[in-house]
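Because only heavy atoms are used, hydrogens play no part in the values below, and waters and symmetry mates are left out as well, while side chains stay in. Atoms within each ligand, like the ligands themselves, are counted from 1 in listed order. Numbers for residues simply follow the sequence, beginning at 1.
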Amino acid sequence: MEREKQAKISCSSCDALCCQLTVVLEARDAVPAHLTARLPSGLQVMAKDEDGWCVALDGQQMKCRIYESRPIVCRSFVMGGPYCRAERDEHARQGDRNIALHLT
Ligand code: SF4
């Protein structure tokens with residue numbers, strides 16, 4: 001059963017839910033400044049569009065436009081891992097895409 005569930009999770013057929021999360025940048029990230037924003041708390045993050053998606057996401061292809069230089073936190077997000085599964089479950093419960101959580 002768990003194997004079947006795992007097999008259904010794929011970035012190529014995902015709603016890119018992780019690209020709606022708040023992506024906190026680290027000093028060693030090399031993301032173009034125009035794609036970033038600063039939260040009132042002072043944290044530097046990936047900027048979001050009006051619908052809550054990361055501005056680096058190509059919404060047509062559902063692919064990261066800066067994949068080769070994507071932030072460290074995006075690189076460490078494990079497809080099908082516990083956090084991915086938790087987000088997918090929460091998305092299914094809420095029935096919408098307006099989720100915004102910190103990866104940290
Ligand atoms: S930088 Fe790329 S991988 Fe990271 S949230 Fe934005 S679109 Fe997704």
Q.
Under 2.8 Å from atom 2 (Fe) of ligand 1 - does any N, O or S atom of Cys64 fall there?
A. yes
Q | Distance, nearest 0.5 Å, that separates SG of Cys54 from CG of Asp49 | A | 8.5 Å
Heavy-atom pair with the smallest gap, counting every atom of [X] and [Y]:
X     : Y     : value
Ala56 : Ile66 : CB-CG1, 3.8 Å
Lys48 : Leu21 : CE-O, 3.6 Å
Tyr67 : Arg75 : O-NH2, 4.1 Å

Taking only heavy atoms of [X], which atoms of ligand 1 are found under 4.0 Å from at least one of them?
X     : value
Pro71 : 1 (S)
Val23 : 5 (S)
Leu57 : 7 (S)

Could you check [atom] against the protein and tell me its nearest heavy-atom contact, residue, atom and distance included?
atom                    : result
atom 8 (Fe) of ligand 1 : Cys19 SG, 2.3 Å
atom 6 (Fe) of ligand 1 : Cys54 SG, 2.4 Å
atom 4 (Fe) of ligand 1 : Cys74 SG, 2.3 Å

Q) Does some side-chain heavy atom of Val23 sit less than 4.5 Å from a side-chain heavy atom of Cys74? A)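 In contact.
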**Q.** Any donor-acceptor N/O pair, Asp51 side chain to Trp53 backbone, under 3.5 Å
**A.** no
